[in-house]
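By convention in this document, chain letters (A, B, ...) are assigned in the order of the sequence lines, proteins followed by strands, and residues within each chain are numbered from 1. Keep in mind it's a predicted model, so treat the numbers as computed, not measured.
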Amino acid sequence: MTGARTAATAGLIGCKTCHLLCRVTVPVQGRRAPYCPRCGALLRRRKENSLARTWALIIAAGLLYLPANLIPITRSTSLGSVHEDTIMSGVIYFVKTGSWFVALVIFVASILVPLLKLIILTFLLISVQRGWKWRPRDRALLYRITEGIGRWSMIDIFVITITVALVKLGALADIQAMPGGIFFGAVVVLTMLAAEAFDPRLIWDAMEENHD
Amino acid sequence: MTESNGNRPPDVAQAVVTRKKTFSIIWVVPLVALIIGGILAIKAVREKGPMVTISFKTADGLVAGKTKIKYKDVDVGEVRNIRISEDLSHVLVEAEIRPEGEKYLTEETLFWVVRARIAAGEVSGLGTLFSGAFIGIEPGRKGNSARRFEGLETPPILTTGQPGAQFSLTSERLGSLSVGSPVYFRQIKVGQVIEYDLDPGGDHINFTIFINAPHHLRVQKNTRFWNASGIDFTANAQGIKVNTESLVTVLEGGIAFDTPASLQEGGPPAKDQVFTLYPDRDSTHELTYSQKTYYLLHFTDSVRGLVPGAPVEFRGIKVGEVADIKLQFDRDKLEFLIPVLIFIEPERIQVMGQQVFDEKARLQVLVRRGLRAQLKTGNLVTGSSFVELDFHPDASPAEIVRNGDYPELPTIPPPFGEIAQSLSRILKKIEKLPLEEISRGLEDTLVRLNDNLDESRIMLGGINREVLPELTSAIREIESTMEEINASYGTDSKINYALGNTLTELGRAARAARVLADYLERHPEALIQGKGGPQP
């Protein structure tokens with residue numbers, strides 16, 4: 001990153017879709033935009049409006065994170081006793097009943113990971129906006145982690161859908177999905193989209209601007 | 001922000017070509033999230049219902065955050081917190097009620113814990129065996145708003161919204177009745193006991209019962225309620241008879257009612273009418289009356305056989321009872337008094353006519369006309385007595401005396417009292433006889449007689465030895481004399497013949513005397529008037 005040429009400085013853009021390296025000589029103006037000669041995808045030097053999009057999605061996810069954790073995700077009926085569980089009360093239930101492993105999985109996947117994603121993305125956004133040059137490699141690693149683990153948070157949603165479908169024993173036992181699950185799913189999807197909207201190359205841009 | 005970079009003359013202002021900064025559509029996403037979050041937050045705040053504190057004796061089966069508050073089996077709230085009161089005597093359950101229930105939280109709102117309850121005749125709340133207890137609520141519709149409640153230990157019998165009517169009963173004993181005890185009409189369960197409590201005075205128990213529609217219409221003014229608890233066991237010459245309303249009543253008691261045919265008027269009961277709960281069916285035939293007028297009687301004779309509860313009769317019809325009997329001693333006059341308190345139940349007497357008297361004046365008039373109380377023996381075997389009221393126009397005049405709390409009715413001595421008095425006089429005389437002296441004298445006489453007999457025996461010995469030989473010779477002389485007499489007064493003698501005639505005459509005379517006596521007996525006036533008139 002120190003002195004090496006980058007595609008941007010060389011006037012080249014890599015196609016995001018088919019990864020063909022294209023040279024863009026005409027300045028991008030108005031509605032005119034470069035397209036990939038091979039696959040026809042829009043060529044962009046950087047993801048368009050990346051920071052704003054990411055911010056918007058992060059804020060939306062952050063807002064929905066609260067109801068996702070406060071509103072019950074399931075209502076289980078067993079022999080007439082009804083009780084509703086939020087994600088955290090489910091974790092506590094498993095801890096109390098001794099299922100440490102299950103509790104850990106749910107806690108990590110459903111509470112820790114979304115929260116981590118929100119925090120990491122917020123941190124990355126701030127760092128990019130401020131043009132920080134602090135440990136770009138580590139930040140890039142953080143981004144990759146965020147991108148990679150995001151989908152695993154959906155494990156909770158899958159568990160809910162499967163148990164709701166399977167546990168249908170009428171009066172004996174019944175599990176119903178509650179709106180908390182929708183919010184939780186929305187949080188996961190929004191953070192994944194946010195991670196997608198963020199352009200990690202912005203991290204390096206800051207380094208280069210300084211270098212110039 | 002693309003910037004065009006040209007080499008144009010500086011005199012002409014260069015238009016800066018930029019992409020119009022548009023509001024990025026992506027910001028709609030957080031906006032939507034914000035709106036959703038906001039709506040949820042507002043909803044959560046609005047759904048935050050009032051917190052109530054309910055005190056219970058025990059929190060058995062209650063779990064904070066889990067136990068529901070249910071009305072007609074619909075969740076209307078949830079227990080949030082359970083703690084123990086400061087004086088450790090009970091538990092305080094804090095619960096959140098749904099906001100729509102706020103207006104029903106009044107002083108009259110009832111809370112109770114629903115647990116599995118198995119009692120005779122009733123099994124309820126079995127669902128709670130698996131699901132855990134829940135708190136039942138009966139919304140209050142009247143009264144001031146309240147937030148602190150006293151939880152009931154047993155579920156109340158709920159009657160709101162149930163067609164039927166409540167009735168008040170009063171009884172001297174609780175029997176084996178309890179809340180929830182069934183009420184029967186012709187052995188069909190038509191209601192139940194809602195509540196009972198001791199009268200403030202403590203002398204009877206008030207029941208409130210609920211009778212379901214349409215059976216509540218069967219309760220008339222003259223309906224009798226009786227305690228149907230237990231078994232009615234009768235043994236007589238016809239055999240043994242066991243009678244009971246139902247097996248449930250044997251176990252947990254019950255009330256039955258019926259409207260017997262009687263002279264009393266029927267019709268729908270008054271709103272505040274209090275019915276008497278009779279101890280058993282038989283006693284319903286015997287009316288009890290709420291209205292009692294007390295009178296005091298003073299008897300001078302023995303009141304033996306008179307006990308509280310003995311009847312007071314007017315010409316043989318029971319009109320009241322003896323309430324109390326006392327023995328008083330007047331220290332000033334050195335006299336014993338036996339005041340007897342009786343009560344008369346005026347409702348027993350059917351009143352006719354229009355004239356209105358006040359009670360005191362009416363009684364005064366009656367006493368002037370000779371109304372007196374008298375002690376009478378009701379049963380000669382047991383000696384039980386009763387008080388008889390009747391008119392004795394020839395009794396010595398008396399007035400009603402108001403002495404202390406009660407008016408005093410004049411009394412007259414019992415009808416047998418006079419006979420008894422004379423009897424006792426005779427007995428007293430007999431008592432006065434010197435029986436001991438008499439017997440002592442008799443004894444002396446006997447001893448003396450004995451001595452005399454001894455003497456005579458000695459004398460007889462002497463006679464035997466000395467007199468007998470002479471006697472033999474004397475007898476021989478008598479024999480010869482008798483022979484001579486026989487000759488002169490024998491069967492064929494003159495004397496004998498004359499004697500026979502005389503005796504015949506005597507017989508005739510005797511017959512005539514008898515005829516006269518008979519006549520005199522029939523016509524004693526003949527002694528005075530003579531045997532004048534011809535025989536009828």
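Shortest non-hydrogen contact noted between B:Pro30 and A:Leu63 is O-CD1, 3.5 Å. For the pair A:Leu190 and B:Val29, the tightest heavy-atom approach, listed with the atom from each and the gap, is CD2-CG1, 3.4 Å.
Counted within 6.0 Å of CG on A:Leu20, heavy atoms from surrounding residues, nucleotides or ligands total more than 12; the atom is thus considered enclosed. Within a 6.0 Å radius of CD in B:Glu86, no more than 12 heavy atoms belonging to other residues, nucleotides or ligands are found.
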May I have the list of side-chain donor-acceptor pairs in residues 168-180 of chain A shorter than 3.5 Å, sequence neighbours left out?
residue, atom, partner, partner atom, Å
A:Lys168, NZ, A:Asp174, OD1, 3.4

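Neither the backbone nor the side chain of A:Ile58 has a heavy atom closer than 4.5 Å to any heavy atom of chain B. Contact annotation for A:Ile71: only side-chain heavy atoms (C-beta onward) come within less than 4.5 Å of a heavy atom of chain B.
Not counting sequence neighbours, A:Phe184 has no partner by the ring-ring contact (aromatic ring centres under 6.0 Å, His included) test.
When each of A:Ala56, A:Ala60, A:Ala52 is scored by its heavy-atom pairs under 4.5 Å with chain B, the top score falls to A:Ala56.
Close approach to chain A, defined as a heavy atom under 4.5 Å from one of its heavy atoms, is seen in B:Ile36, B:Leu40 of residues 36-46 of chain B, taken by number. Among the residues in residues 109-119 of chain A, none has a non-hydrogen atom closer than 4.5 angstrom to a non-hydrogen atom of chain B.
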